[in-house]
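Read through the structure below, which is laid out as structure tokens, and then see the notes.
Proteins get letters first, then strands, A, B, ... in listed order; numbering begins at 1 in each. Predicted, not measured: the structure shown is a model, and the values here were computed from it.
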There are 2 protein chains.
Amino acid sequence: MALEDYPRPSVTVDVIIFTLRGNDLQVLLIKRGHPPFEGMWAIPGGFVGIDESLEEAALRELEEETGVRDVYLEQLYTFGDPDRDPRGRVITVAYFALMPAHAVQPRAGDDAAEARWWSVYDLPPLAFDHADILAYALQRLRYKLEYTAVGFELLPEAFTLSELQAAYEVILGEKLDKRNFRRKILSAGVIEETGAYRTGEGRPAKLYRFRDDAVAEVKARRLFP
Amino acid sequence: MALEDYPRPSVTVDVIIFTLRGNDLQVLLIKRGHPPFEGMWAIPGGFVGIDESLEEAALRELEEETGVRDVYLEQLYTFGDPDRDPRGRVITVAYFALMPAHAVQPRAGDDAAEARWWSVYDLPPLAFDHADILAYALQRLRYKLEYTAVGFELLPEAFTLSELQAAYEVILGEKLDKRNFRRKILSAGVIEETGAYRTGEGRPAKLYRFRDDAVAEVKARRLFP
DNA sequence: CCCACCGGTGTCAATTACACACTAATTATA
DNA sequence: TATAATTAGTGTGTAATTGACACCGGTGGG
């Protein structure tokens with residue numbers, strides 16, 4: 001039996017793009033410019049090209065919406081309920097991306113009337129099953145943050161320990177003890193001092209950078225309780 | 001633009017079926033009865049029906065190969081490189097399943113010339129990108145075993161602590177200390193005594209069963225170091 | 001110059017993780 | 001039927017990790 005003898009679904013990628021802005025965890029959504037769900041907010045995504053890998057498709061969507069390519073991107077889950085799209089059978093491979101907020105200007109892509117950041121703690125109603133997808137992405141982000149060094153992907157290249165702690169607190173939704181946080185993050189060996197300081201408010205703070213050769217080391221070793 | 005205006009890939013599910021047999025971690029493979037890769041061993045799978053959810057498709061494949069339906073099944077990853085199938089664009093959503101070996105007789109499904117268990121430590125060459133998929137599944141199984149109570153899915157309903165420890169050792173590929181193992185597994189509160197004993201060799205051993213109301217509790221709490 | 005603000009530091013107590021060796025109950029064998 | 005072989009079952013001491021907790025330091029602004 002040949003490939004063409006089987007009915008083929010449409011396949012899309014959706015990319016949940018997280019960032020930190022103004023001490024808030026935000027996600028990039030687009031306002032749909034066409035039916036179905038015209039005018040509703042949705043996770044950006046699009047059809048997978050026939051000669052394009054899934055990851056390439058996700059990177060392409062990411063770039064279309066943000067102009068950025070070199071960020072953390074991870075496959076999340078594949079959603080394929082037969083009735084998740086009223087137009088017909090559409091299976092979507094969801095990815096999530098983490099990027100620092102600075103220097104990213106959301107752009108409305110082809111199908112979108114508008115694109116903007118939304119706080120994950122205050123979302124509009126979403127098209128399709130996108131509320132489920134987003135909830136799952138958030139859960140996975142929190143989980144990864146506790147066990148791996150992925151949090152740095154949301155910060156600028158150089159950051160202070162207070163900024164890093166604030167990021168963790170926003171994402172996890174809880175306060176952390178300053179001294180314990182510093183001890184743990186420093187003993188994990190995933191960051192190093194840049195030598196520079198951030199000045200401007202109060203005592204100058206040491207700037208740190210992420211040691212990218214350290215990513216693998218932290219995997220499977222819980223960072224926070 | 002309508003759905004039909006985009007080229008549609010074929011979508012399959014592949015199911016990596018693990019079990020424990022004779023103190024070995026084994027996986028069910030089929031020998032392909034048709035091109036491409038005719039005569040090679042492969043992970044069982046098939047096309048997703050147009051009105052069938054991905055999980056339903058995975059359950060269907062599982063049942064076709066084993067006759068069993070009520071086992072642990074989890075979505076693993078979606079593989080979609082454009083050239084992973086020589087017939088054309090085929091995206092596969094991989095699942096993995098865990099089942100106790102007893103009372104499962106592998107059956108060769110439609111496309112298969114033969115089906116049998118293989119030790120994950122001694123595999124034949126595999127069709128498509130199935131070696132990659134299997135390696136990834138094994139990694140995920142080990143990871144899950146350390147952090148969750150998923151290991152019980154591979155054992156019969158009643159089991160001794162020695163059998164459970166042997167299962168962990170086979171899957172993780174390392175020896176564990178008996179006293180520490182028992183202390184940890186018992187204090188996790190995920191198993192309970194059945195009251196019965198297994199006799200026949202040496203001192204009779206208490207039989208335990210998995211407390212299925214305990215699955216959720218153990219999630220995200222590491223069982224082994 | 002002093003005050004406000006944020007950055008940075010250490011200890012102690014409790015818990016948890018790890019290494020480690022013998023006795024107990026049965027079955028097989030001499 | 002005594003003895004050996006086999007598997008089950010048990011506890012302690014030590015090291016490492018976690019978590020709670022309060023004060024001094026450097027800079028900018030008034």
Checklist line | Closest to the B:Pro204 side chain, choosing from D:dT10, C:dT26, C:dG8 | finding: C:dT26
Item checked: Interatomic distance where CG belongs to B:Leu207 and P belongs to D:dA8 [whole Å] -> 11 Å
Checklist line | Nearest-angstrom distance from the residue atom NZ of A:Lys178 to P of C:dG7 | finding: 7 Å
Notebook entry, point to check: Hey, is the side chain of A:Lys184 poking within less than 4.0 Å of OP1 or OP2 on D:dT17, counting only N and O atoms?
Noted result: no
Next item on the list: Return the nearest nucleotide to the side chain of A:Arg179; candidates are C:dA17, D:dA8, C:dG10.
Entry: C:dG10
Next item on the list: Return yes if some donor-acceptor pair links the side-chain N/O of B:Thr19 with the main-chain N/O of B:Ala101 below 3.5 Å, else return no.
Entry: yes
Check: What nucleotide among C:dC20, D:dC21, C:dG8 has an atom nearest to a side-chain atom of A:Asp177?
Finding: D:dC21
Item checked: Side chain proximity check, A:Phe96 to A:Arg140, heavy atoms < 4.5 angstrom -> yes
Margin query: Between B:Arg182 and D:dG9, is there a contact of a side-chain N or O with OP1 or OP2 at under 4.0 Å?
Written below: yes
Checklist line | Enclosure of A:Glu169 CD (heavy-atom neighbours >12, cutoff 6.0 Å) | finding: yes
Which protein N or O atoms sit under 3.5 Å from an N or O of nucleotides 11-15 of chain C?
residue	atom	partner	partner atom	Å
C:dT11	O4	A:Arg183	NH1	3.4

Check: How would you list, by chain and number, every residue that makes a salt bridge (Lys or Arg N to Asp or Glu O under 4.0 Å) with B:Arg60, sequence neighbours excluded?
Finding: B:Glu52, B:Glu64
Item checked: Distance-only donor-acceptor test, B:Lys206 side-chain atoms vs D:dG9 base atoms, 3.5 Å -> no
Checklist line | A:Glu201 or B:Thr199, whichever maps to the more 5' nucleotide of DNA chain C | finding: A:Glu201
Check: Given atom CZ of A:Phe181 and atom P of D:dA20, what is their separation to the nearest angstrom?
Finding: 16 Å
Note to self: Rounded to whole Å, how long is the line connecting atom CG of A:Leu164 with atom P of C:dG8?
What the structure shows: 12 Å
Check: Looking at C:dG10, C:dG7, D:dG9, which one has an atom nearest to any side-chain atom of A:Ser162?
Finding: C:dG7
Check: Salt bridge between A:Arg209 and A:Glu193, side-chain N to carboxylate O under 4.0 Å?
Finding: no
Notebook entry, point to check: Just how far, in rounded Å, is P of C:dC6 from CD of A:Gln165?
Noted result: 14 Å
Check: Nearest to the side chain of A:Arg203 - C:dA21, C:dG7, C:dA24?
Finding: C:dG7
Item checked: Between C:dC20 (P) and B:Leu176 (CG): distance, integer Å -> 15 Å
Notebook entry, point to check: Considering residues at least two apart in sequence or located in another chain, which fulfil the salt bridge (Lys or Arg N to Asp or Glu O under 4.0 Å) criterion with A:Glu201?
Noted result: none
Item checked: pair B:Glu153-B:Met99: side-chain heavy atoms closer than 4.5 Å -> no
